[in-house]
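All chains are named by letter (A, B, ...) in the order of the sequence lines, taking the proteins before the strands, and each is independently numbered beginning at 1. These numbers were taken from a predicted model, which means no experiment stands behind them.
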There are 2 protein chains.
Amino acid sequence: MNYSKQREAMLKILCGTKTHPTANEIYLEMRKADPKISLGTVYRNLALLTETGTIMRIDTNHDSVHYDGCTDTHYHFICEKCGKVYDLRLEPLKLKAEVEAEIDCEVSDHMLIFYGKCSKCKSL
Amino acid sequence: MNYSKQREAMLKILCGTKTHPTANEIYLEMRKADPKISLGTVYRNLALLTETGTIMRIDTNHDSVHYDGCTDTHYHFICEKCGKVYDLRLEPLKLKAEVEAEIDCEVSDHMLIFYGKCSKCKSL
DNA sequence: AATAAATACAGTAATCGTTATTGATTTGAC
DNA sequence: GTCAAATCAATAACGATTACTGTATTTATT
């Protein structure tokens, strides 16, 4: 993979926020510095960085895909009202061996998401 | 919600299989018995039944949304090669209180998905 | 049973997130 | 610097899902 300043900028944005932006939000943010950036470029580089494990893809079940610059194993809470994605500090699960034993597979990753109402939305 | 034979048939299909079909697969299956069924009807009823908690929506992160007629708490393994969804018999997690304490929220549900290669695909 | 209101339907058009294509530009090895 | 490979911007195409419209079915009321 060759260097590109667009990908560099994208990674900087993703690692510098905890907001778990969507492709479009990243696009809007990148346009501030580079108004000529293309949405296609955003998608292509999100796919590339996800593939190499540099960033993490979060499929929320509720709206479009979110991305996280932090790839340490951690889990998320998603508010069903406002759609915001929150980081959790739960201990990583240790179920890989159990799953592999049960259905004879090779587990490479897992994803745990909690749904409900966040602090702000539950009091409305 | 009024009765409809289309929704009845859909529920029967979903509860009678462990294949976790997509909206389109359900549509194709339903057309066998009722060639006039509309894809819009399938989507509308999937949304209705998901909302009432009668069925379960599985967002695989890899292709379009799958549905499960079994709503008992259980988890899934998804093969990154062939896309097939497998049921797991893991013990339900008990992390609701912990999550609610950590970020002051109201957890109503959670979803745990393992990714990797299934038995068939790992040996290719 | 007849009627009316609410709900659901089939069929189809529109929307929206994402992917693919194109020809121009940038990067990196020589 | 030269050239092939990788990346880009711009835009068209795609596929899953949603919205719309006029018709049919269901349910409640008489």
Inset, instruction - Check whether B/Leu112 and B/Leu95 end up in the same hydrophobic cluster, where Ile, Leu, Val, Met, Phe, Trp and Tyr are linked by side-chain heavy atoms less than 4.5 Å apart. - result: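 Yes, because B/Leu112 and B/Leu95 connect within a single hydrophobic cluster, where side-chain heavy atoms sit under 4.5 Å apart.
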Legend entry - NZ/A/Lys36: more than 12 non-hydrogen atoms of other groups inside 6.0 Å: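 Incorrect, the count does not exceed 12.
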Legend entry - Near-strand residues of residues 28-47 of chain B, defined as heavy-atom separation under 4.0 angstrom from DNA chain D: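 Residues of residues 28-47 of chain B that come under 4.0 Å of DNA chain D are, in numerical order, B/Leu39, B/Tyr43.
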Legend entry - Minimal non-hydrogen separation, A/Leu39 against A/Ala23, with atom names: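 For A/Leu39 and A/Ala23, the tightest heavy-atom pair comes out as CD1-O, 4.4 Å.
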Inset, instruction - Compute the angle between the rotation axes at the two ends of the helix from C/dA1-D/dT30 to C/dC30-D/dG1, each taken over five pairs, rounded to 10 degrees. - result: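 Helix axis angle between the two ends: 40°.
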For nucleotides 23-30 of chain C, which of its nitrogen or oxygen atoms have a protein nitrogen or oxygen under 3.5 Å away, and what is each distance?
from	atom 1	to	atom 2	distance (Å)
C/dG28	OP1	A/Tyr3	N	3.3

Inset, instruction - Can you run down the ring pair (Phe, Tyr, Trp, His ring centres under 6.0 Å) pairs that involve residues 7-29 of chain A, sequence neighbours left out, and say none if there aren't any? - result: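 As it turns out, the ring pair (Phe, Tyr, Trp, His ring centres under 6.0 Å) pairs with a partner in residues 7-29 of chain A, which skip direct neighbours, are A/His20-A/His76.
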Legend entry - Strand-adjacent residues in residues 49-60 of chain A, judged by heavy atoms under 4.0 Å from DNA chain C: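 Hits under 4.0 Å, by residue number: none.
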Inset, instruction - Can you sort out which residues in residues 8-23 of chain B have a heavy atom within less than 4.0 Å of DNA chain C? Ascending by number, please. - result: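 Hits under 4.0 Å, by residue number: none.
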Legend entry - Ring geometry between A/His62 and A/Tyr115 (parallel below 30°, tilted from 30 to 60°, perpendicular above 60°):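 Aromatic pair A/Tyr115/A/His62 classed perpendicular.
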Legend entry - Atom pair NE2/NZ of A/His66 and A/Lys84 - distance to nearest 0.5 Å: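 Between A/His66 NE2 and A/Lys84 NZ, I get 12.0 Å after rounding to 0.5 Å.
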Legend entry - side-chain N/O B/Gln6 vs D/dT25 OP1/OP2, d < 4.0 Å: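 The answer is no; no side-chain N or O of B/Gln6 sits under 4.0 Å from OP1 or OP2.
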Inset, instruction - Taking only Lys NZ, Arg NE, NH1 and NH2, and the carboxylate oxygens of Asp or Glu, determine whether B/Arg89 and B/Asp87 approach each other closer than 4.0 Å. - result: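 A salt bridge is absent here (no side-chain N lies under 4.0 Å from a carboxylate O).
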Inset, instruction - Using modelled atom types only, decide if a donor and an acceptor are shared between the side chain of A/Ser123 and the backbone of A/Lys120 within a distance under 3.5 Å. - result: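 Yes, because the side chain of A/Ser123 sits within donor-acceptor range (under 3.5 Å) of the backbone of A/Lys120.
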Inset, instruction - With the side chain counted from C-beta on, respond yes when A/Ile113 and A/Thr60 share a heavy-atom pair under 4.5 Å apart, and no when they do not. - result: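 Sidechains of A/Thr60 and A/Ile113: no contact.
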